[in-house]
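The structure appears right after this line, and notes come after that.
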Protein chains: 2
Amino acid sequence: MDDTRWLSAADQDVWRTFVTMLGALGEHMDRQLQRDSSMPYTYYEILVVLSHAPCRSLRMSELAGLRGSSRSRLSHAVARLEAQGWVERRECPTDKRGSVAVLTDAGFAALAAAAPGHVTTVREAVFDRLTPEQVTALGAISAAILDGIDPDKTLPGCRELR
Amino acid sequence: MDDTRWLSAADQDVWRTFVTMLGALGEHMDRQLQRDSSMPYTYYEILVVLSHAPCRSLRMSELAGLRGSSRSRLSHAVARLEAQGWVERRECPTDKRGSVAVLTDAGFAALAAAAPGHVTTVREAVFDRLTPEQVTALGAISAAILDGIDPDKTLPGCRELR
DNA sequence: CTCATGTGGTTGAACACTCAACCGGAACCT
DNA sequence: AGGTTCCGGTTGAGTGTTCAACCACATGAG
C-alpha cells in the first residue's frame with residue numbers, strides 16, 4: 001500500500017529550510033508594510049497593479065487575474081481599500097454587470113510613500129544576500145515550480161511589480 | 001530624498017516570479033491538505049513536530065518556537081486541534097503556569113493518513129521539477145535568505161518535517 | 001517575607017481569506 | 001421574442017492570524 005516515494009534526507013533538509021524561509025519571508029514583508037504603511041502585502045500589490053494600469057483603473061476580473069486572487073477575495077479587499085479612500089469603484093460603461101476599480105490620488109500617494117521602504121526591504125532580505133548566479137538560479141527555479149502549479153502565470157515578462 | 005536603490009529590470013522579473021511562485025505554492029499545498037485531509041498546512045506542521053517529539057508531547061512555548069509561530073497563534077491552533085480530538089492539553093508538572101500539548105492516537109492516525117498525499121504533492125510540485133543542482137541551489141538560497149531574516153532558525157539540521 | 005518584575009499561556013476583538021450561495025446582466029439559442 | 005445558461009461581482013458565514021490586554025505563576029531584590 002505504501003508506494004509513496006518519500007524524500008531523501010537531503011531533500012527533507014532542503015524542503016524544511018525552504019518552507020521555513022517561505023514563511024519567514026512572507027511574514028517579514030508583511031510586517032514591514034503593515035508597520036510602515038499600515039497595509040498588508042496583498043493590498044500593496046493591488047495598488048501596484050492598479051498604478052501601472054491605463055487610467056489607473058481596471059476591471060475587477062482583470063485585477064483578480066493579474067494578482068492571482070479569487071473574485072471574492074478581491075471584492076473584500078477593494079471594499080476595504082475603498083473604505084480607506086485609496087480606491088474607488090465605478091460602474092463599467094460597456095458591461096453593466098461589471099465594476100471598475102480606480103486608484104485615487106490618496107491611494108497613489110500612499111503607494112508612493114510605501115514603495116521605497118518595501119523595495120529596500122526586498123533588497124536587504126533577498127538580493128543583497130545572494131550572488132548574481134543565485135539570483136538567476138532563483139528566477140529559473142521559481143519559474144519551473146510555478147509552471148508546474150499554474151502554467152498561466154508563468155511567462156508574461158512585463159514589469160508590473162516593484 | 002530618493003536615495004532608494006531600486007531594482008534592475010532583471011531583478012524585478014525575478015522578484016515577480018518568485019513572489020508569484022511563493023503565493024501559488026503556498027496555496028497549492030494548503031489546498032491539497034485541506035481537500036484531502038481537512039487540515040490547513042500550519043496544523044499539519046504542528047502535528048508533524050509533535051509526532052517527532054519525545055512522548056509525542058511538547059510545552060506550548062517549545063512548540064511555538066519550533067514552528068516559528070506566535071504564542072497566541074499556537075494557542076488558538078491547539079484549541080482547534082483539541083476540539084478535533086487530535087491533540088490534548090495537559091498541565092505541566094514542573095511549572096504550574098505551563099501547558100503541554102500531546103498528540104493523541106487519533107491525531108497520529110490523521111497525520112499518518114495525510115502524510116503520503118502531502119509528500120507526493122511536494123515531490124510533484126518541487127523536487128520532480130528541478131534538477132539536482134537546482135535543488136542544492138534552492139537549499140543554499142533559502143538558507144541565505146532565512147539567515148538574513150531570522151538567524152536562529154537557520155542551522156538546526158534535524159529532520160523534523162516531511 | 002514582600003513586592004516588583006518577568007514569563008507562560010489564554011482570551012477577545014479586528015482583520016484577511018475561503019467557500020458556497022446568490023443576484024443581475026450578457027450571450028446564446030431556436 | 002423568450003428561455004436557458006453563463007459570467008461578473010457581491011455577500012455572509014466560518015476559519016485562521018494578529019494584536020493588545022490579561023491572568024496566574026515564577027523569580028529576584030531588598
Side-chain angles (χ1 to χ4, degrees), chain A residues 22-24 26-47 57-84 86-102, chain B residues 22-24 26-47 57-84 86-102:
Chain A
L22 223 93
E27 190 189 314
H28 186 62
M29 304 274 72
D30 226 10
R31 264 190 206 298
Q32 181 271 325
L33 271 174
Q34 192 74 51
R35 177 168 43 80
D36 298 346
S37 314
S38 322
M39 59 176 111
Y41 188 61
T42 23
Y43 290 17
Y44 175 83
E45 288 189 317
I46 292 176
L47 299 188
S57 64
L58 278 173
R59 286 286 297 270
M60 295 295 276
S61 292
E62 297 181 79
L63 190 45
L66 282 170
R67 270 315 311 137
S69 153
S70 73
R71 295 175 195 289
S72 169
R73 177 175 170 176
L74 184 68
S75 189
H76 285 297
V78 167
R80 181 146 277 273
L81 288 171
E82 197 171 20
Q84 306 216 270
W86 290 342
V87 167
E88 267 181 31
R89 262 185 249 243
R90 305 217 181 116
E91 56 180 37
C92 174
T94 66
D95 185 338
K96 277 174 189 170
R97 302 171 286 184
S99 310
V100 183
V102 189
Chain B
L22 221 95
E27 189 187 315
H28 186 62
M29 305 272 73
D30 226 11
R31 263 189 207 298
Q32 180 271 324
L33 271 174
Q34 192 75 53
R35 176 168 44 79
D36 297 346
S37 314
S38 322
M39 60 176 110
Y41 188 60
T42 23
Y43 290 16
Y44 176 82
E45 287 189 318
I46 292 177
L47 298 188
S57 64
L58 278 172
R59 284 289 293 271
M60 294 295 278
S61 292
E62 298 181 78
L63 190 45
L66 282 171
R67 268 313 311 138
S69 152
S70 73
R71 296 177 196 288
S72 168
R73 177 175 170 177
L74 185 67
S75 190
H76 286 298
V78 167
R80 183 147 274 274
L81 288 172
E82 198 171 19
Q84 308 217 266
W86 291 342
V87 167
E88 266 181 32
R89 263 184 249 243
R90 305 220 180 112
E91 56 180 36
C92 174
T94 66
D95 185 338
K96 278 175 188 168
R97 302 171 286 185
S99 309
V100 182
V102 190

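Below, read A as the first sequence line, B as the second, and so on, with proteins coming before strands; counting in each chain starts at 1.
Distances from the side chain of A:R97 to the nucleotides C:dG8, D:dC7, D:dT10 place D:dC7 closest. Looking at the side chain of A:Y43, the nearest of the listed nucleotides C:dG9, C:dT10, C:dA16 is C:dA16. If you check C:dA16, C:dG9, D:dT11 against the side chain of B:R71, the one that comes closest is C:dG9. Here the side chain of B:S99 is nearest to one of C:dT18, C:dG9, D:dG16, namely C:dG9.
Between the CD atom of B:E82 and the P atom of C:dG9 there is a distance of 14 Å, rounded to whole Å. The CD atom of B:E91 sits 13 Å away from the C1' atom of C:dG9 (whole-angstrom rounding). In this structure, the CG atom of A:L33 is 16 Å from the C1' atom of D:dT18, given to the nearest Å. In this entry the distance linking CG of A:D30 with P of D:dT18 reads 9 Å, nearest Å. Atoms CE (B:M60) and P (D:dC25) sit 17 Å apart, rounded to a whole Å. Rounded to whole angstrom, the span from the CG atom of B:L63 across to the P atom of C:dG8 amounts to 14 Å. Going from atom CG of A:L74 over to atom C1' of D:dT10 covers 11 Å, rounded to whole Å. Rounded to whole angstrom, the span from the CD atom of A:Q34 across to the C1' atom of D:dT17 amounts to 12 Å.
Among the heavy atoms of the strands, none lies under 4.0 Å from B:R35. Within the nucleic acid shown, A:T42 comes within 4.0 Å of sugar-phosphate atoms alone, with no base atom in reach, counting heavy atoms only. Residue-level contact check: A:R31 touches the backbone only, with heavy atoms under 4.0 Å from sugar-phosphate atoms and none from bases.
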Using the rule given for side-chain contact (heavy atoms from CB on, under 4.5 Å), can you reason through A:M29 versus A:Y44, listing the C-alpha separation, both sets of side-chain angles and the distance that settles it, and then say yes or no? CA-CA 11 Å; A:M29 304 274 72; A:Y44 175 83; over 6 Å; no

Could you walk me through whether B:T42 and B:D30 satisfy the side-chain contact (heavy atoms from CB on, under 4.5 Å) test, starting with their C-alpha distance in whole Å, then the side-chain angles of each, then the deciding distance to 0.1 Å, before giving a yes or no? CA-CA 8 Å; B:T42 23; B:D30 226 11; 5.7 Å; no

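Proximity of B:R59 to the phosphate of C:dG9: a side-chain N or O atom is located under 4.0 Å from OP1 or OP2. For A:R80 and C:dC15, the shortest distance from a side-chain N or O to OP1 or OP2 is below 4.0 Å.
Between the side chain of A:S72 and the base of D:dT11, at least one donor-acceptor pair of N or O atoms lies under 3.5 Å. Side-chain atoms of B:H76 and base atoms of C:dG12 include a donor and an acceptor less than 3.5 Å apart. If you check distances only, the side chain of B:R73 never reaches the base of D:dT17 with a donor-acceptor pair under 3.5 Å.
For the pair A:A79 and B:K96, both in contact range of DNA chain D, the more 5′-proximal nearest nucleotide belongs to A:A79.
No side-chain heavy atom of B:L33 sits less than 4.5 Å from a side-chain heavy atom of B:P40.
The two residues A:R67 and A:E45 make their nearest non-hydrogen contact at NH2-OE1, 2.8 Å.
Each of A:L81, A:V78, A:V102, A:V100 was evaluated against A:R89; a single residue qualifies, A:V78, per the side chain to side chain contact (heavy atoms under 4.5 Å, CB included) test.
Put simply, OH on A:Y41 and NE2 on A:H28 are 12.0 Å apart, with the number rounded to the nearest 0.5 Å.
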